[in-house]
Amino acid sequence: MISLQHVNPRVRGIRVSSHSELQSLAARITQVALKPCQKVIDVSSGDLQQAGMKPVSFLRQVLAVCLHPELLKDKDLPLDVRLRAQRFLEVCDGGSLGSYTASSGMEYIRRRIAEFITRRDAGVPSNAKDVFISSGSQRALMVAVKLISTVEGDIRSGVLTPMPCPHTLPALLDEAGVTLEPYELIEEQGWAIDLDKLHEALKDARGRCNPRAIYISNPGNPTGHVQDRHSIEEVIQFAAAERLLLLVDEVNQDSVFGPGREFISYKRVLFEMGEEFSQTVEMVSFYCLSTACCGECGLRTGYMEMINIDPQVKFFVDTCLCIDICAPVVGQLALDVMIDPPTPGDPSYDTYTQEILLTRATLSQNAQRAQEFLNDLPGMRCEPAMGGIYLYPRLDLPSEIVREAEISEVEADVLYCQRLLKEEGVLVGAGSQNGQTTDKHHLRLCFNVPSDSLEDVLTRLGSFHLRLLDALPHSHRGVEDMDTRGKYKKDIKPLV
């Protein structure tokens, strides 16, 4: 029998995340009814269909026909659905989704992805040989990080990482054997990337590690920040000057809704900066099915595009992907539908357009509604999201809560999330899960859910939050914080 002492020390050293602990608590509440509350609503992660968002009809119809080719004869299905499915089956070995593909993905799909990137980037060319399909963007990122994972003496490679960062990233970097070196985003400026902070982080990192790469999330996860062209240019110039590999997570590129904001890819900006940069800066960008509009998280398929990467290194990437044999074939075909949806004149165009517009409207309206609600709560401040699927409000927790957390040996925001989950059946993420180690406390709340579900979440969260503060000494809040109806004013000061 395998005991813990036989497990690789690196694996044993990976701390069970507070996110996993909260997920386990949510499961116990659901299964054994620890409290007679309504069903648990999970808005801690981007599992959109679990949260109640509907899948894209055209995508599901095409996959259904591919999985059951007898449906090709079904005239009740739109013609463009059947034609797309027929083309897929023609390029699958054996005419079946049950066959393997090349380790880096079907050549047909890789070409189609390259065509999509070229269209997206206003004609900046993309080559299918630079595109690698993987079992989700996390798998692609792991392979890319392992390219730079080296140890010289006691010095490991390092990756400059934004704080806050995606909650899965710290464990991924640790498992890959690289050091996470944080750079702080500027919360008061809408979680902007600050060039001075990058230089400070790089200076601090040297000596502890060998900085080899910088990780960027745009639109930001979990901050909702969307970079403009000038900000992207600054980061590219920084990476070029310091000879850092750019790792660019652009998974939420289809969910930009802030006024005057648009998604501009790092690759497009890189190539529009001239050959001094476009021929020298090494970059890997990531995209996957877990997007706001597609939301097919469970199909576990994504891709990365590698720019200015040595061909021998790309051969190594293909070798690493061989471990998985290949990405799920159903997911590879879903990628094709995501990047090349119905166009005007196609039978499925109207239905597809209505579904996507509804999703985008829900995103924008939910983001504004939730941000306004959270800012109305005492001791909570929330920067607006310009894109992505998360809000990341700051909690100004009173000293009593902080001391209780210290006694319980958990972070204060984790304690807040535990109590919210137990008392109201709402699962939100704690900011300490996103790599933050400062004394600032935050919540991570996914707003890409049905509007009625969001209202339920906000009602329960607001009730819990005010009830929590009611139990504290009156010195923390007085009647002057109330309006004539007994509601809290919008201009309430932070608790501490």
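Both backbone and side-chain heavy atoms feed into the values below; hydrogens, waters and symmetry mates do not.
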Q.
Could you go through Leu48 and Ser290, starting from their C-alpha distance and side-chain angles, then the distance that decides it, and tell me whether this counts as side chain to side chain contact (heavy atoms under 4.5 Å, CB included)?
A. CA-CA 8 Å; Leu48 308 183; Ser290 303; over 6 Å; no
Q. Any idea which heavy atoms bring Leu458 and Phe373 closest together, and the distance?
A. O-CZ, 3.1 Å
Q: Using atom types as modelled and distance alone, determine if a side-chain donor or acceptor of Ser217 lies under 3.5 Å from a backbone N or O of Asn221.
A: yes
(Q) Give me the atom names and distance for the closest heavy-atom approach of Cys92 to Ser96. (A) CB-O, 3.4 Å
Q: Flag the pair Lys314 and Asp318 as a salt bridge only when some basic side-chain nitrogen lies within less than 4.0 angstrom of an acidic carboxylate oxygen.
A: no
Q) Do Ile193 and Ile216 have side chains that get closer than 4.5 Å, going by heavy atoms? A) yes
Q. Looking at CE of Met53 and SG of Cys294, how far apart are the two atoms once the value is rounded to the nearest 0.5 Å?
A. 12.0 Å
Q | Heavy-atom donor-acceptor pair, Arg444 side chain to Gly431 backbone, under 3.5 Å | A | no
Q. Do you know the tightest heavy-atom contact between Val65 and Ala85?
A. CG1-CB, 3.5 Å
Q. Would you say the side chain of Ile109 lies within less than 4.5 Å of the side chain of Val91, judging by non-hydrogen atoms?
A. no
Q. Can you find a heavy atom in the side chain of Val159 that is under 4.5 Å from one in the side chain of Ile214?
A. no
Q: Verify side chain to side chain contact (heavy atoms under 4.5 Å, CB included) between Ile356 and Val56, making sure each step is shown before the conclusion.
A: CA-CA 8 Å; Ile356 296 300; Val56 176; 4.2 Å; yes
Q: Decide yes or no on ring-ring contact (aromatic ring centres under 6.0 Å, His included) for Tyr416 and Phe464, but give the supporting numbers first.
A: CA-CA 10 Å; Tyr416 182 98; Phe464 164 79; 5.1 Å; yes
Q: Flag the pair Phe271 / Ile307 as yes when at least one side-chain heavy-atom distance between them is below 4.5 Å, and no otherwise.
A: yes
Q: Taking all non-hydrogen atoms of both residues into account, name the closest pair between Cys320 and Arg139 and its distance.
A: O-NH2, 3.1 Å
**Q.** Spacing of CZ belonging to Arg212 relative to OG belonging to Ser157, to within rounding of 0.5 Å
**A.** 4.5 Å
Q) Between Ser103 and Cys326, is there a donor-acceptor pair closer than 3.5 Å when you use the side chain of the first and the backbone of the second? A) no
Q | Backbone N/O of Phe315 and side chain of Thr319: donor-acceptor pair under 3.5 Å | A | yes
Q | Sidechain-backbone polar pair: Arg110 side chain, Val131 backbone, donor-acceptor under 3.5 Å | A | yes
Q) So, the side chain of Asn375 versus the backbone of Cys382: is there a donor-acceptor pair under 3.5 Å, distance only? A) yes
Q: Count the heavy atoms of every other residue, nucleotide or ligand shown that sit under 6.0 Å from CZ of Arg243, and state whether that count exceeds 12.
A: no
Q: Please round to the nearest 0.5 Å and tell me the distance separating atom CG of Leu141 and atom CG of Leu247.
A: 6.5 Å
Q.
Less than 4.5 Å apart, side chain to side chain, heavy atoms only: is that true for Tyr349 and Phe58?
A. no
Q: Could you pull out the closest heavy-atom pair between Glu107 and Ala128, with the gap in Å?
A: OE2-CB, 4.1 Å
Q. Just how far is it from atom OG1 of Thr359 to atom CG of Leu357, taken to the nearest 0.5 Å?
A. 9.0 Å
Q: Kindly assign one of parallel, tilted or perpendicular to the pair His442 and Tyr392, based on the angle between their ring planes and the thresholds 30° and 60°.
A: parallel
Q.
Closer than 3.5 angstrom, by distance alone: can the side chain of Tyr266 be matched with the main-chain N or O of Ile232 as a donor-acceptor pair?
A. no
Q) Do Asp74 and Arg82 sit within salt-bridge range, that is, some charged N less than 4.0 Å from a carboxylate O? A) no
Q) Looking only at heavy atoms, which two atoms of Gln332 and Gly105 are closest? And how far apart? A) OE1-CA, 3.4 Å
Q.
Could you measure the distance from the CZ atom of Arg394 to the CG atom of Leu443? Nearest 0.5 Å is fine.
A. 12.5 Å
(Q) Applying salt bridge (Lys or Arg N to Asp or Glu O under 4.0 Å) as the test, list every pair that has at least one member in residues 275-299; sequence neighbours left out. (A) Arg60-Glu296
Q: Could you check if a side-chain atom of Asp340 sits within less than 4.5 angstrom of a side-chain atom of Arg84, using non-hydrogen atoms only?
A: yes
Q.
Tell me if a side-chain donor or acceptor on Asp346 pairs with a main-chain N or O of Ser348 at a distance below 3.5 Å.
A. no
Q: Could you verify whether a donor N or O on one side chain and an acceptor N or O on the other, from Ser451 and Gln365, lie under 3.5 Å apart?
A: no
**Q.** Nearest-0.5 Å distance that lies between atom OG1 in Thr223 and atom CE in Met386
**A.** 11.0 Å
Q) Taking atom types as modelled, is there a side-chain donor on Gln368 or Glu372 under 3.5 Å from an acceptor on the other? A) yes
Q) So do the side chains of Phe447 and Val457 get within less than 4.5 Å of each other, counting heavy atoms only? A) no
Q.
Run the side-chain hydrogen bond (donor to acceptor under 3.5 Å, both in side chains) test against Ser126 and tell me which residues pass, sequence neighbours left out.
A. Glu305
Q: List the steps and the verdict of side chain to side chain contact (heavy atoms under 4.5 Å, CB included) for Asp310 and Phe316.
A: CA-CA 10 Å; Asp310 186 281; Phe316 173 78; over 6 Å; no
Q.
Using modelled atom types and a 3.5 Å cut-off, is there a donor and acceptor pairing between side-chain atoms of Asp336 and backbone atoms of Leu333?
A. no
Q: Could you give me the CA-CA distance, side-chain angles and deciding distance for Asp249 and Leu169, then say whether side chain to side chain contact (heavy atoms under 4.5 Å, CB included) is met?
A: CA-CA 11 Å; Asp249 177 351; Leu169 187 57; over 6 Å; no
(Q) Here's a test for you: under side-chain contact (heavy atoms from CB on, under 4.5 Å), which of Glu272, Gln227, Glu250, Arg229 qualifies with Ile264? (A) Arg229
Q: May I ask you to decide if Thr101's main-chain N or O and Asp93's side chain share a donor-acceptor pair within less than 3.5 Å?
A: no
Q) Do the side chains of Phe238 and Leu244 get nearer than 4.5 Å, heavy atoms only? A) yes
